[in-house]
Protein chains: 2
Amino acid sequence: MPSEGGARSATLSDVARRAGVSIATASKALNGRDDVAPATRRRVVEAADELSFTPNAMARGLLAGRTGTVGLLTSDLEGRFMLPILMGAEDAFGAGQVNVFLCDARGDAIREQHHLKALLSRRVDGIIVVGRQTDPRPSLGQEMPVPVVYAYAPSDDPRDLSLTPDNYAGGRMAIEHLIGCGRTRIAHITGDPAYAAAQDRLAGARAALDAAGLELVGEAMFSEWSEHWGRDAAAMLLQRHPDVDAIFCGSDQIARGVLDTARDLGRSVPDDLAVIGYDNWEVLSTNSRPQLTSIDANLQQLGRQAAQRVFDAIDGVDIGEGTHHLPVRLVIRGSTIPRR
Amino acid sequence: MPSEGGARSATLSDVARRAGVSIATASKALNGRDDVAPATRRRVVEAADELSFTPNAMARGLLAGRTGTVGLLTSDLEGRFMLPILMGAEDAFGAGQVNVFLCDARGDAIREQHHLKALLSRRVDGIIVVGRQTDPRPSLGQEMPVPVVYAYAPSDDPRDLSLTPDNYAGGRMAIEHLIGCGRTRIAHITGDPAYAAAQDRLAGARAALDAAGLELVGEAMFSEWSEHWGRDAAAMLLQRHPDVDAIFCGSDQIARGVLDTARDLGRSVPDDLAVIGYDNWEVLSTNSRPQLTSIDANLQQLGRQAAQRVFDAIDGVDIGEGTHHLPVRLVIRGSTIPRR
DNA sequence: CTGTTAGCGCGTTCAG
DNA sequence: CTGAACGCGCTAACAG
């Protein structure tokens, strides 16, 4: 019978009895209140140790009105963007005294409602809602008994607080980098046009091109966020516009495909053709030849900030509202800058 | 002040007062006990609805002695293997009435101890410990007040129950498939030799080769689990042993590198050279040219099973002990079988 | 300094 | 059928 060795956890009254004091005294002794004799405290602490006493957080929470837990409501754990956010949040909370309830709704609204109910019944002190895309998602409503922060996917209600990466700035940043590298004939291969991410990045890219008096070479190419599409699109592009000198890709996966085709067609990267990806998914971006310059959305930081906001809200601080677009950053590697 | 609209959650006594009954009656009405008049029940349910009453799970748990929560203690969320396991477990639990506390120890023993304490103080009904490698990890000990199941990384104490993928069988399966494809000159490129996974897979491979009266071409090549190493190793291998007709790779990343080099050197896959990966990481395995045959460890299922074991243990069922090696499966794609 | 008392929100006896 | 009373484990007021 594995993992059943220990008896049921000791209670405070067990400790008190063993130390020969009252329950209240034991409580004070263990919680570091200063109105208890040193000798008594030692006895109590010893007894607690011997029984490996662990205070019951539920009983404590019942009194305090706070549970020291928050809910992390994700719509789809599978998504690559979920994990860093989740890590950031878990990290920020774990450092304090709060624990995280993880709920995966699997993209199903019913299940989400179910999980939400469960979280509320567990009296979480706050909730972070993490969506899988940057498209706005339905708000949980304004009648929540606890603070809610939306991460990655913003809420569609501006009265909610949402934290989402700044894809527009990312698109701009990518183009500005390419221009800074002396490129002027820039094309764009990206994913599903139904994604706000695709549109926002493109808009940012257009803005940067405009500002430099340039235009995209050909139309922006939309399809899916895959390496295969990157390969096919690049082949089409390079045939129709052999004179492009840079390609801004909507994802690292697409960029990997583009690199592949460039190699097949004998185009040298970055000298002859610069390629920039998006997401900075290191498994892909650091293992390509050459390594991939990319835009990093700082997702872990986003998760951390979401956690911090929830913290603040719990402490009664006004955390504001609206959708905040968090800064992204450029990670430069060999696909845009020749290594010396 | 977003997400603060609702007042504090209603309590059962609020509901009772509004319905004009006693707390006890309200409780019975809401919990479907049959000793309450239909009319009364309706009044109570209505009142509960209007106040959007949600029972306090803590108070309930205090009485029941069970919390309906389990702890998921991971050593490193970043790991690719964590996520499917976590999903499987969350899935299995989410279907029932239990919620999951997620704790990431970041590979730090101190932090793990800290989180463990937190979980126990929250009186989780059970714990799943998920490690990032298949090498045995230190046991949490036999004195746990709740059942513990180890997933992926087995415990080093045979009295614990551990669920881990069968890497030996995976290695065997890979080789048997290659032999089944008519290959006889098989080489092995894998990752860090310090990983049990690398050793176990190799052992399984050797067993399968033995059984067929074959030997590995050259020595097994160890280094890191990266695409770069796959490329470099393949180049060395193909130069030294141009006659190899198949390569068993210790990971899909390595296999991607191998495919890359094969293409550079004009070796056609799978006709001239069959390549098989490991992990079935779909982003990599389905986006290569040709797509990658691989071994899938069924991690999501592993997570689900771990959850099921914890469930059983909570219900008092004896879940056994020892390290169980769960079956893996072969996923055949174009890198070993020519598409017709 | 220590012990007694009173709840936190709920489910469960057991009398009415 | 309904309600009053008790207790889950703990902390915060008070008394002693």
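Naming convention: chains lettered A, B, ... in sequence-line order (proteins, then strands); numbering from 1 in each chain.
The only option from B:Leu140, B:Val129, B:Val124 that meets the side-chain contact (heavy atoms from CB on, under 4.5 Å) definition with B:Leu116 turns out to be B:Leu140.
We find that CG of B:Asn56 is positioned 18 Å from P of D:dC8, with the value rounded to whole Å. Regarding A:Arg122, its CZ atom lies at a distance of 15 Å from the C1' atom of C:dC10, rounded to whole Å. Separating the CG atom of B:Leu120 from the C1' atom of D:dG9 is a distance of 16 Å, rounded to the nearest angstrom. The separation between A:Arg66 atom CZ and D:dT11 atom C1' is 15 Å, rounded to whole Å. Distance, B:Leu62 CG to D:dT11 P: 12 Å, rounded to whole Å. One atom, CZ of B:Arg42, and another, P of D:dC1, lie 14 Å apart when rounded to the nearest Å. As rounded to whole Å, 18 Å separates atom P of C:dC8 from atom CE of A:Met58.
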Restricting to nitrogen or oxygen on both sides, can you table the protein-nucleotides 11-14 of chain C pairs closer than 3.5 Å?
unit_1	atom_1	unit_2	atom_2	d
C:dG11	OP1	B:Asn31	ND2	3.3
C:dG11	OP1	B:Arg60	NE	2.8
C:dG11	OP1	B:Arg60	NH2	2.9
C:dG11	OP2	B:Ser27	OG	3.1
C:dT12	OP2	B:Arg33	NH1	3.1

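OP1 or OP2 of C:dC10 has at least one side-chain nitrogen or oxygen of B:Thr11 nearer than 4.0 Å. Close to D:dT2, at under 4.0 Å from its OP1 or OP2, lies a side-chain N or O of B:Thr40.
Under the 3.5 Å distance criterion, with hydrogens and angles disregarded, a donor-acceptor pair is assigned to the side chains of B:Ser13 and B:Thr11. Of the N and O atoms on the side chains of A:Gln142 and A:Asp160, at least one donor lies less than 3.5 Å from an acceptor on the other residue. A donor atom on one side chain and an acceptor atom on the other are not found under 3.5 Å apart for A:Ser162 and A:Thr164.
Here B:Asp156 does not pair with B:Arg137 in a salt bridge; the nearest charged N to carboxylate O distance is not below 4.0 Å.
Between B:Arg123 and B:Ala37, the one whose closest nucleotide on DNA chain D sits nearer the 5' end is B:Ala37.
Picking from C:dG9, D:dC1, C:dG3 the nucleotide with the shortest atom distance to the side chain of A:Ser22 gives C:dG3.
Between B:Asn298 and B:Pro165, every side-chain heavy-atom pair lies at or beyond the 4.5 Å cut-off. Looking at heavy atoms from C-beta onward, A:Val70 lies in side-chain contact with A:Phe93 at the 4.5 angstrom threshold.
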